[in-house]
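See below for the structure under consideration.
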Amino acid sequence: FQERVTETESLLSGARVLTMAQVGPVRFSKQGVTLTLSDAALDALSLHADSVFYIELFPTEDGFSLTVEVDGRGISDFPNCEVMLEQDGAVLVLTGEDGTAAAGTLDAERGIAVFPIRHTGRYTLSEMLTEQSETEPVQDALPSVQPEEPVPDTPPAAQSEEPGTAEEE
């Protein structure tokens, strides 16, 4: 068979993919979407030198789509893989067809976000709700600015009671 590489897909021999794995991480980049295969994913593919490996990877309007086949057999489980996407600094969440969401790791210097994926299929990218991310850094930045007041030597139960909270009837 003839190997073929286009903007959105690669059709490769098992021998080529196995050789790629010996040299370093197996990566496929298509139109700004980069998939890195884990050793576990490669093992799960059960590739042989004469296998036919097919991958289709392309951006969609709101994320990306990933299809993988080995010898014409569709692959759905893709454990411990990573996808890198170009990003503009927003905090992003990647959601799979099954509803599983994963937050990305932002690399602002390189302008990418890295997401873990475990399955092939269609993924949607969305911005994380910013209410928490705007307030959390402020709380985290000042954890010990105010000194704690010394607590008198009293039993813990007595310390936790506030005036007016005792049950009086």
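- The salt bridge (Lys or Arg N to Asp or Glu O under 4.0 Å) search around Arg110 returns Asp107, not counting sequence neighbours.
- Within the 4.5 Å cutoff, side-chain heavy atoms of Ile117 are placed close to those of Leu66.
- Applying the ring-ring contact (aromatic ring centres under 6.0 Å, His included) test to residues at least two apart or on different chains, the pairs with a partner in residues 100-126 are Phe64-Tyr123.
- Grouping Ile, Leu, Val, Met, Phe, Trp and Tyr by side-chain contacts under 4.5 Å, direct or through others, puts Met84 with Ile112, Val114.
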Name every donor-acceptor pair, under 3.5 Å, that has one atom in a side chain of residues 17-27 and the other anywhere in the protein, sequence neighbours excluded.
unit_1	atom_1	unit_2	atom_2	d
Thr19	OG1	Ala15	O	2.8
Arg27	NE	Thr36	OG1	3.0

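- When atom types are taken as modelled, the side chain of Lys30 and the backbone of Glu56 share no donor-acceptor pair closer than 3.5 angstrom.
- Atom CG of Asp98 and atom CZ of Arg118 lie 7.5 Å apart (nearest 0.5 Å).
- Between Glu127 and Val93 there is no side-chain heavy-atom pair separated by less than 4.5 Å.
- Taking Ile, Leu, Val, Met, Phe, Trp and Tyr as members and joining any whose side-chain heavy atoms lie under 4.5 Å apart, directly or through other members, the hydrophobic cluster of Phe1 also contains Leu11, Val52, Tyr54.
- At a threshold of 4.5 Å between non-hydrogen side-chain atoms, the residues Leu35 and Leu37 count as touching.
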Practice prompt. Any chance you could lay out the side-chain contact (heavy atoms from CB on, under 4.5 Å) test for Val33 and Val83, step after step, and finish with the verdict?
Written response: CA-CA 7 Å; Val33 181; Val83 170; 3.8 Å; yes

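- At least one side-chain heavy atom of Leu12 sits under 4.5 Å from a side-chain heavy atom of Val5.
- Screening residues 16-36 for ring-ring contact (aromatic ring centres under 6.0 Å, His included), with sequence neighbours left out, gives Phe28-Phe53.
- Side-chain N or O atoms of Glu3 include one that pairs as donor or acceptor with a backbone N or O of Ser13 at under 3.5 Å.
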